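Here's the structure, in structure tokens; my notes come after.
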Amino acid sequence: IGQMYLANDEAGLAWPRLQVALESWPSEGFLATAIAQCAVLLGDLDAGERYLAIAATTDLTNDLHVARAELHVARGEIDAARSEYREVRWHYSLASLGHARIRCARFWASHGDPWLAVTLTLEPIENLADARMYAECLDAAACQWWSSLSVPSRCQELIRAWCNAGWPPL
């Protein structure tokens with residue numbers, strides 16, 4: 001239930017439930033990662049760092065990288081966040097990466113690479129993963145990407161789309 005609350009950005013409800021789960025299963029690093037995410041979302045960056053230290057010993061998932069990146073963003077360390085987000089690997093199951101993928105896409109959309117944000121949300125939609133989960137993020141990322149293009153670049157993208165010559169450029 002804690003994971004469900006976290007996925008719905010309800011960190012205050014998620015944290016106590018995840019804490020109980022971590023006390024029952026202390027070797028499950030993904031629980032410590034989830035608690036770290038809750039802490040960062042609630043503004044307790046020191047607790048976030050403590051739980052990430054616990055998670056680092058047992059959690060080898062993309063969520064760990066995303067949680068570290070979110071901590072860096074919360075501290076204003078954007079270059080460190082970029083570095084951490086670059087460590088995320090998307091070749092695993094799309095279903096298990098949904099929320100991490102969306103958080104990563106939102107970061108790239110607002111920090112200099114809106115096209116990467118578009119591709120991170122477009123691929124699961126094309127593969128018929130839970131498309132509803134990605135639609136809002138894709139819409140925002142696509143608008144930001146389009147706005148970031150110069151007029152000549154927009155024209156090139158439109159021509160490529162009309163000619164179906166390798167578009168979308170994934």
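Note that the structure is predicted; figures quoted are calculated from it, not measured. If you read the sequence from its start, that first residue is 1, and numbering goes on from there.
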Pairs where residues 29-46 contributes a residue and the test side chain to side chain donor-acceptor pair (under 3.5 Å) is met, not counting sequence neighbours: T33-D59
Hey, quick one: are L41 and L45 part of the same hydrophobic cluster, counting side-chain heavy atoms closer than 4.5 Å, chains of contacts allowed? no
For T58, all residues meeting side-chain contact (heavy atoms from CB on, under 4.5 Å), sequence neighbours excluded: none
Got more than 12 heavy atoms from elsewhere within 6.0 Å of CD1, I1? no
Count I, L, V, M, F, W, Y as connected when their side-chain heavy atoms are under 4.5 Å apart, and connections chain through other members. Are Y5 and I35 then in the same cluster? no
Which heavy atom of R68 sits nearest a heavy atom of A56, and at what distance? NH2-CB, 3.4 Å
How does the hydrophobic cluster around V20 look, that is, which other residues are in it when side-chain heavy atoms under 4.5 Å mark a link? none
Closest heavy-atom contact between G48 and V40? CA-CG2, 4.3 Å
Checking S150 now: which residues fulfil side-chain hydrogen bond (donor to acceptor under 3.5 Å, both in side chains) with it, not counting sequence neighbours? S153
Testing the basics here: between A67 and L52, what is the closest heavy-atom pair and its distance to 0.1 Å? CB-CD2, 3.6 Å
Out of curiosity, L22 CG to R17 CZ, how far, rounded to the nearest 0.5 Å? 15.5 Å
Excluding sequence neighbours, so at least two apart, what forms side-chain contact (heavy atoms from CB on, under 4.5 Å) with E28? W25, F30, L31
Contact check, side chains of E10 and W15, non-hydrogen atoms, under 4.5 Å: no
Which residues pass the ring-ring contact (aromatic ring centres under 6.0 Å, His included) test with F107, not counting sequence neighbours? Y85, H111
So, for G29 and A55, which heavy atoms are closest and what is the spacing to 0.1 Å? O-CB, 3.6 Å
SG-CG distance between C38 and L18, expressed to the nearest 0.5 angstrom: 5.0 Å
Side-chain donor-acceptor pairs of residues 70-80 under 3.5 Å, sequence neighbours excluded:
{"unit_1": "E70", "atom_1": "OE2", "unit_2": "R103", "atom_2": "NE", "d": "2.7"}
{"unit_1": "H72", "atom_1": "ND1", "unit_2": "E77", "atom_2": "OE1", "d": "2.7"}
{"unit_1": "R75", "atom_1": "NH1", "unit_2": "E49", "atom_2": "OE1", "d": "3.0"}
{"unit_1": "R75", "atom_1": "NH2", "unit_2": "E49", "atom_2": "OE1", "d": "2.6"}
{"unit_1": "D79", "atom_1": "OD1", "unit_2": "R82", "atom_2": "NH1", "d": "3.2"}

